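Just below is one structure, and these are the notes that go with it.
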Amino acid sequence: MSQLVLDKLKARFGAAILATHSDFGDDTALVEPAQWKAISTFLREDPDLDFDLPVDLCGVDYPSRGAAGRTEVVMHLYSIGKKHRIRLKARVGDEDMDGAELESVTSIWPGMNWLERETWDMSGVRFVGHPDLRRILMYPEFEGHALQKTYPADRIQPLVPYRTEEEAGVPLEKQAPFGPDEGMAFGRTANNISRAEVD
Amino acid sequence: MEPLDIDLDEGELELPADPMHLNMGPSHPAMHGTVRIVLELSGETIVKADVQVGYLHRGFEKMCERGTWAQVFPYVDRLNYVSPMLNNVGYALAVEKLCGIAVPERCQWYRMALGELARISDHLTCNGAMAMELGAFTPFLWFVKAREMVWDILEEETGARLTHSFGRIGGMANPPTADFKAMCGMAVGKILGLVEEGEKMLLKNRIFIDRLQNVGPISGAEAVSLGWTGPCLRSTGIAYDIRKAHPYLKYDEVDFDVPVGTRGDTLDRFLCRLGEIRQSKRIIEQCIERMPDEGPINSDDPRVVLPGKTDVYTTIEGTIQHFKLIMEGAKVPAGEVYSYTEGGNGELGYYLVSDGSGTPYRVRIRPPCFQITGGLHRLIEGRMLADIVPTFGALNMIGGECDH
Amino acid sequence: MGDVNRTLALDASEQGYATTRVDALLGWARKYSLFAYPFVTACCGMEFMALTSPRFDLARFGAEAPRFSPRQSDLLWVVGTISQRQAPVLKRIYEQMMAPKYVLAFGTCASSGGFYDNYTTVAGIDKIIPTDVYIPGCPPRPEAVMDGLMLLQDRIARNERRPGIVKPRFDPVQAASGLVQLRRSAKDPSEVLPAIQQEEAKTKALREGGS
């Protein structure tokens, strides 16, 4: 829509803006992770930009990228007064998600509190300076981060032991409607892995 | 016997000095079964509240990565299960934005009419359930009766009462039935009649008003910084409605108002929803007036839309196209897109990442009530324990959407 | 068991007294005084609301009184998906209920996990607690739920704890009698087969006659 936001960002931060595009009308800036908070502060406080509504924050996992920043943290912002939007992205972490850290922006937008907790819970990105970085959707005993592509979609970590069939006296196993090679194989083209591929 | 009102020396009494901890939920009648609040109480006043969600996390985003783009629709239905049609339309619009498809005019009107019906059902459920949690059972029965009328229409159109899975990429599953306009025209008036009856009963009730007024107030600026959208934000006086601010479908061609509140308290949220039911009625009336009776409902883009049945059975091209679309899924061009619509609770966004294959690489939903629930502790801290019920009820937390 | 249990609970006579067996009387009494604990979590809750509302009116079956204390209830409605995080809560509530207690799995998610075959969903509550009746549907129509409730009441009256599942019946519009016939029998299926075949033949004749 308006090129204004991206132009202002580039003029102010220069090399810290790694790439920009406006595909489908969504202004997007890929930024240096170290400048994450500084850029956020600027976006919030500059009177021409005035991004006051924290829309969304999420992580997208690209295991193939390797050391180049495996997880892409994506933030969407909106300005109610100026009616413009921006998408801010930063790539963090290596193959093992070491160094997947960003500075928390909770102090700028309180609404980012839960979103950062969610991104930590699901994608495994730590937010430095977050007041209360706990898991939010999964339980504390859960190991791993479910939305990483390397986490098998059907690996369960039960909190209560399942009943055995002897205890129940009735069959408990769920019958799949189709075998792995017949019918509409729901998992045939999957963009994540299943337990059978790992174990 | 000793008199009951003997003077006690307070210094001798052993009153607990520590605040009391109270666990509310997740299985609590007012907590919708999926939210747990750990409260620190001083007497009956809430000192600190820790709102915990995630009891209905069903792995929506992970499941989407396992099927085709079209197979996401059933999951989308079950996010905001009070208004599934709005989610259907929102997701369809997001994928269409990524493919660069525009749907025919008839479909746009149809989507709008169905979406507004779903919005009425959403607000009726929220307001009715909140009234019930406060003990007003009769209005709940009337609102549910009105909701049944909405569901009757949707069932006639889609075949399902609640989870329709009716949206398609590039159109809808079926064209409107012959009676659609007549049914809508008849039902909206009746629904409004029931709503007015229930409203009279509630808004002239001193107890009900006292329990809502000035409970859980929030300022506009604070609500925005928390990421609130939808009726909860509009109750603070900020008229941010995506249907007006960034019109999609045909919302720029219809005439409707955005009801806003002034104080941002629970009563304002309740009234905003009632006002929106009236506006939805206006929109539906304009939709059925302007929706053409003839014309295609689906876009003719062969990349995403299934060929007609005759083509599949009689031509080899049709058969192959059908096979490819079903077995491999529609090939959505690589890229990323964020598309937003006005859901029942506010800005319902979909952030989609495609790698050019028939399976989504990443589907991210921006559920409006996740952030709204994230601000709940600000509303109830410092208030009384009993204020949680109306405050929480008026936020319209929907478990499936909030917990993904 | 069979026929003995299916005798009428009360067999009134003209002399002003009735004869029955104690367990049959208890079963009859329990059947119509189910105090429900609605463990409502997800989408099915919307249908549960509809079920308690005037159109479908669960009160007709004597099972409408909700008690949000597990100690005062004897029927646990598990309405909606149970996630791994919710599972301990469900188990604890079940354990707090007093015997005799019944569990009704409302919807596909509660019965088998539905299409949420993933890291967070319990694939059916029977993995955690014993279940008496399964009602399939996503969400089930209120009619199906009533059917499930009647199935459960039937089981209670007969004092039988074998898990039951709601299955489709003939379309009432097409059935010759115009009514849904409840066909619950502890008998061998082969014994009821002739009756079903007769019903089908009737339906067929009706359809052919009409066309």
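Because the structure is a prediction, the values reported are computed rather than measured. The chains referred to below are lettered A, B, ... by the order of the sequence lines, with proteins before strands, and numbering in each begins at 1.
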When you compare the side chain of [Y] with that of [X], does any pair of heavy atoms fall below 4.5 Å?
| X | Y | answer |
| --- | --- | --- |
| B/Val353 | A/Val74 | no |
| A/Tyr78 | B/His246 | yes |
| B/Arg66 | A/Asp154 | no |
| B/Phe370 | A/Ile136 | yes |
| B/Tyr340 | A/Val55 | no |
| B/Glu61 | A/Cys58 | no |

First locate atom [atom1] of [X], then atom [atom2] of [Y], and finally report the distance between them rounded to the nearest 0.5 Å.
| X | Y | atom1 | atom2 | value |
| --- | --- | --- | --- | --- |
| B/Ile238 | A/Asp52 | CD1 | CG | 7.5 Å |
| A/Asp56 | B/Glu347 | CG | CD | 9.0 Å |
| A/Trp114 | B/Ile372 | CH2 | CD1 | 11.5 Å |

Problem - Exam field: side chain B/Lys62 to backbone A/Gln148, donor-acceptor pair closer than 3.5 Å - result: yes
Problem - N-O pairing of B/Arg364 and A/Glu72 below 4.0 Å - result: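 No, B/Arg364 and A/Glu72 are not salt-bridged.
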Handout entry: Electrostatic pair B/Lys97-A/Asp26, nearest N-O below 4.0 angstrom
Key =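 Between A/Asp26 and B/Lys97 there is a salt bridge, with a charged N closer than 4.0 Å to a carboxylate O.
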Please state whether the side chain, the backbone, both or neither of [X] comes within less than 4.5 Å of a heavy atom of chain B.
| X | result |
| --- | --- |
| A/Ile80 | side chain |
| A/Leu115 | both |
| A/Ala153 | both |
| A/Asp61 | backbone |
| A/Arg135 | neither |

Practice task
Please check if atom CZ in B/Phe323 has more than 12 non-hydrogen atoms from other residues, nucleotides or ligands closer than 6.0 Å.
Solution key: no
Handout entry: More than 12 heavy atoms from other groups under 6.0 Å of CD on A/Glu167
Key = yes
Residue selection (most heavy-atom pairs with chain A, distance under 4.5 Å) from [options]:
| options | value |
| --- | --- |
| B/Gly59, B/Gly349, B/Pro360 | B/Pro360 |
| B/Val337, B/Leu233, B/Thr229 | B/Val337 |
| B/His404, B/Glu222, B/Gln52 | B/His404 |

Go through the atoms of [X] and report whether side chain, backbone, both or neither lie under 4.5 Å from a heavy atom of chain A.
| X | value |
| --- | --- |
| B/Ser339 | neither |
| B/Leu56 | neither |
| B/Val51 | both |
| B/Glu336 | both |

Least distance between heavy atoms, [X] atom then [Y] atom:
| X | Y | result |
| --- | --- | --- |
| B/Tyr351 | A/Val60 | CE2-CG2, 4.0 Å |
| A/Pro110 | B/Leu226 | CB-CD2, 3.9 Å |
| A/Pro54 | B/Val224 | CD-O, 3.2 Å |

Practice task
Step through it carefully: locate the ring centre of A/Phe142, locate the ring centre of B/His57, and say whether they are under 6.0 Å apart.
Solution key: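 Centroid separation for A/Phe142 and B/His57: 6.0 Å or greater.
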Completion exercise
With chain B, the option among A/Arg44, A/Arg117, A/Lys149, A/Arg134 that has the most non-hydrogen atom pairs under 4.5 Å is A/Lys149
Exercise for the section: Name the option with the most non-hydrogen atom pairs under 4.5 Å to chain B; the candidates are A/Met122, A/Met138, A/Glu118. Expected result: A/Glu118
Practice task
Please determine if A/Lys83 forms a cation-pi arrangement with B/Tyr240, meaning its NZ or CZ atom is less than 6.0 Å from the six-membered ring centre and no more than 45° off the ring axis.
Solution key: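 No - A/Lys83 does not lie over the ring of B/Tyr240 by the 6.0 Å and 45° rule.
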